[in-house]
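What follows is a set of notes on a single structure, which appears directly below.
No experiment lies behind these values; they were computed from the predicted model shown.
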Amino acid sequence: MTHSVLSRRAQNVVDAGSENPMWDVMKDTWDVSSNPNGYVNVGVAENTLMHHELLKFINKKLELPAKYLTYNDGGCGSFRLKAAVAGFLNHHMKPATPLEPSHIMATNGVSSAVEHVVWSFADPGEGILLGRPYYGTFIPDISLRSGSCVVPVSFGECDPLGLEGVDKYEEALLEFHQKTGKKVKALMLAHPHNPLGRCYPREVLVKLMQMCQKYQVHFISDEIYALSVFENTVDEYPPPVKFESALSIDLAGIIDPRLVHVLWGMSKDFGANGIRLGVIISQANRDVHMALTGPSLYTYASGITDYLTALLLEDFDFTNRYIQQNQKLLSEAYAHTANYLREHGIEYATGCNAAFFVWMNLGKKYRELHPEDECEVVGERVMQCLLQKKVFLASGFLFGSEKDGWFRIVFTQGNDYLSEALERMIAALEE
């Protein structure tokens with residue numbers, strides 16, 4: 001993606017079915033017994049490692065009260081849900097200013113939350129900063145309804161999560177304004193990072209906030225992987241950075257609190273993409289809550305989702321055990337994947353200690369194995385080889401990779417499924 005701005009029209013092209021086969025893959029997923037000829041899908045960020053524990057809790061606890069068959073407290077979530085989220089995140093994220101139910105709005109997933117906040121901050125044609133590589137679905141989430149422009153930030157040889165990377169954000173902001181005459185209205189951050197699987201150091205978050213204050217830009221921290229952190233037992237460099245929420249930073253003297261917003265949801269930390277529950281946390285900006293009260297009708301979480309999420313988050317004994325065990329399994333699954341890649345001579349971005357994936361350079365390995373193939377865009381060639389072997393990974397092209405040939409693999413599907421995926425991946429590269 002060489003353009004400095006990705007428009008709504010450009011995204012329509014990127015989203016064409018020929019570019020992104022994900023939805024077809026999800027309808028034909030491999031199962032060793034029922035669908036042995038299906039796709040092994042390690043491109044979609046789902047965590048099945050703790051499904052059995054979560055289902056035991058749900059099937060034992062869920063007895064739905066009648067009020068959850070009504071509209072209850074409205075489209076922004078029930079008071080009970082918002083109180084449960086506030087209590088849970090106060091416990092785990094240690095916010096500098098404790099969360100209150102009034103700080104929170106519920107949506108049917110964090111994608112809806114992203115779309116909501118961007119729609120409320122940016123007019124058509126205005127910019128949203130997004131560092132590369134990025135979570136691919138951020139592009140339509142940010143641009144389709146709002147008509148705003150994604151402003152991709154390139155880092156070259158700088159660490160995208162390092163202090164020097166902040167200057168790249170400022171350069172992109174100034175360039176966008178100079179070329180278009182439009183303002184940049186927000187900075188979208190995935191923290192922990194997707195697809196790099198690392199956490200932003202506290203000092204980088206502070207410097208980014210200071211830049212946002214300078215230009216009166218909204219700081220949006222998508223923290224959907226906040227509790228999916230783990231011990232990296234494989235890599236020696238870079239040293240791990242512990243997760244610290246943007247909520248945990250005392251904003252005095254750094255940024256106007258009205259410019260800071262955090263997103264979180266159930267999809268990743270609880271391996272429950274299907275529950276469809278996200279939240280927007282805006283502690284100091286009542287205008288955001290007022291602006292989104294009407295549109296919340298279109299992102300209403302169901303009564304069952306609302307009740308179940310509150311029931312779950314209120315149970316600290318269960319959630320503490322769940323999170324601890326999940327983090328242990330994440331560590332083991334990462335080690336399995338990283339060691340496999342090392343054994344097969346595949347370069348990958350080291351230092352992961354969060355989320356579900358490894359960012360790896362399959363293009364380099366393909367060229368080593370096929371020096372006679374002089375294709376210009378190796379990532380596209382590798383993607384076709386992978387699909388022929390019926391294994392699906394997320395393409396770096398759709399994630400704004402600055403270098404050709406990089407892919408994201410998700411390692412949270414269990415060892416049998418993961419081993420099948422890795423074996424098919426190597427077979428695809430060798431063929």
Side-chain angles (χ1 to χ4, degrees), residues 1-6 10-11 13-14 19-20 22 42-43 45 129-139 150-169 171-172 175 188-190 192-198 200 204 235 237-238 337-338 340-342 344-352 354-387 391-411 422 425-426 428-430:
M1 302 216 176
T2 57
H3 302 294
S4 61
V5 175
L6 292 178
Q11 181 54 37
V13 175
V14 173
E19 295 279 1
N20 189 351
M22 180 183 75
V42 283
L129 292 171
L130 186 64
R132 302 169 66 182
Y134 44 68
Y135 167 54
T137 307
F138 269 154
I139 303 299
V150 175
V151 184
V153 180
S154 300
F155 298 96
E157 298 306 313
C158 293
D159 180 1
L161 281 73
L163 282 170
E164 65 273 26
V166 180
D167 295 335
K168 300 297 183 180
Y169 280 98
E171 290 169 11
E175 181 184 3
M188 177 65 67
L189 213 62
H193 193 279
N194 181 358
L196 298 181
R198 293 162 51 205
Y200 283 86
V204 176
D235 306 322
Y237 183 86
T337 307
Y340 188 96
L341 296 177
R342 287 185 170 205
H344 289 82
I346 296 175
E347 176 188 6
Y348 67 96
T350 58
C352 297
F356 307 161
F357 25 75
V358 178
W359 186 240
M360 57 186 181
N361 189 355
L362 299 187
K364 180 180 178 181
K365 186 64 177 180
Y366 179 86
R367 290 200 185 280
E368 291 173 1
L369 294 170
H370 302 279
E372 76 287 352
D373 191 336
E374 298 180 355
C375 62
E376 292 185 8
V377 184
V378 71
E380 184 177 333
R381 179 64 55 85
V382 171
M383 191 67 183
Q384 292 307 312
C385 293
L386 292 168
L387 293 175
V391 58
F392 177 69
L393 287 83
S395 164
F397 171 75
L398 293 177
F399 279 59
S401 177
E402 294 185 54
K403 296 179 181 179
D404 183 26
W406 287 77
F407 289 78
R408 188 193 75 172
I409 184 170
V410 175
F411 55 73
L422 291 168
M425 183 184 78
I426 294 300
L429 293 174
E430 292 177 343

Task: Aromatic ring pairing Tyr340/His344, orientation class (parallel under 30°, perpendicular over 60°, tilted between) - done: parallel
- [ ] Look only at the side chain of Glu430 and the backbone of Leu369, and say whether a donor-acceptor pair between them is shorter than 3.5 Å.
- [x] no
Open item on the list: For the CZ atom of Phe392 and the CG atom of Leu387, what is their distance to the nearest 0.5 Å?
Closed with: 7.5 Å
Task: Partner of Val378 under side-chain contact (heavy atoms from CB on, under 4.5 Å), chosen from Lys365, Lys364, Arg367, Met383 - done: Arg367
Task: Where Phe407 and Ser395 come nearest, the two heavy atoms and their spacing - done: CD2-CA, 3.8 Å
Open item on the list: How close do Leu196 and Pro133 get, counting heavy atoms only, and between which atoms?
Closed with: CD2-CG, 4.1 Å
- [ ] Mind listing the closest non-hydrogen atom pair of Met360 and Met425 along with its distance?
- [x] CE-SD, 3.3 Å
Open item on the list: Using every non-hydrogen atom in the two residues, find where Lys168 and Cys158 come nearest and quote the distance to one decimal.
Closed with: CE-SG, 3.8 Å
Task: salt bridge (charged side-chain N to carboxylate O under 4.0 Å, His left out) contacts touching residues 150-159 (sequence neighbours left out) - done: Glu157-Lys403, Asp159-Arg198
Open item on the list: What I'd like to find out is whether the side chain of Arg342 reaches to under 4.5 Å of the side chain of Asp235, using heavy atoms alone.
Closed with: yes
TODO: Report, as yes or no, whether the 6.0 Å neighbourhood of atom CD on Glu347 holds more than 12 heavy atoms from other residues, nucleotides or ligands.
DONE: yes
TODO: Under the side-chain contact (heavy atoms from CB on, under 4.5 Å) rule, what do Val42 and Leu422 come out as? Steps first, then yes or no, please.
DONE: CA-CA 9 Å; Val42 283; Leu422 291 168; over 6 Å; no
Task: Min side-chain heavy-atom separation Asn194-Arg408 under 4.5 Å - done: yes
TODO: Test side-chain contact (heavy atoms from CB on, under 4.5 Å) on Val204 and Leu161 and set out the steps.
DONE: CA-CA 7 Å; Val204 176; Leu161 281 73; 5.9 Å; no
- [ ] Supply the atom-to-atom distance His193 NE2 to Tyr200 OH, rounded to the nearest 0.5 angstrom.
- [x] 4.5 Å
- [ ] Could you pull out the closest heavy-atom pair between Phe411 and Ala355, with the gap in Å?
- [x] CZ-O, 3.6 Å
TODO: Establish, yes or no, whether a centroid distance under 6.0 Å links the rings of Tyr169 and Phe155.
DONE: yes
Task: Between CG on residue Asp404 and CZ on residue Arg381, distance to nearest 0.5 Å - done: 11.0 Å
TODO: Kindly compute the distance separating OG (Ser154) from CD (Glu171), expressed to the nearest 0.5 Å.
DONE: 10.5 Å
- [ ] Would you check, one step at a time, whether the test side-chain contact (heavy atoms from CB on, under 4.5 Å) holds for Trp359 with Ser401?
- [x] CA-CA 10 Å; Trp359 186 240; Ser401 177; 3.7 Å; yes
Task: Closest contact, heavy atoms only, Phe399 versus Ala394 - done: CE1-CB, 3.5 Å
Task: Test log, rule side-chain contact (heavy atoms from CB on, under 4.5 Å), inputs Ile139 and Leu398 - done: CA-CA 9 Å; Ile139 303 299; Leu398 293 177; over 6 Å; no
Open item on the list: Quick check: do Asp373 and Tyr366 have side-chain heavy atoms less than 4.5 Å from each other?
Closed with: yes
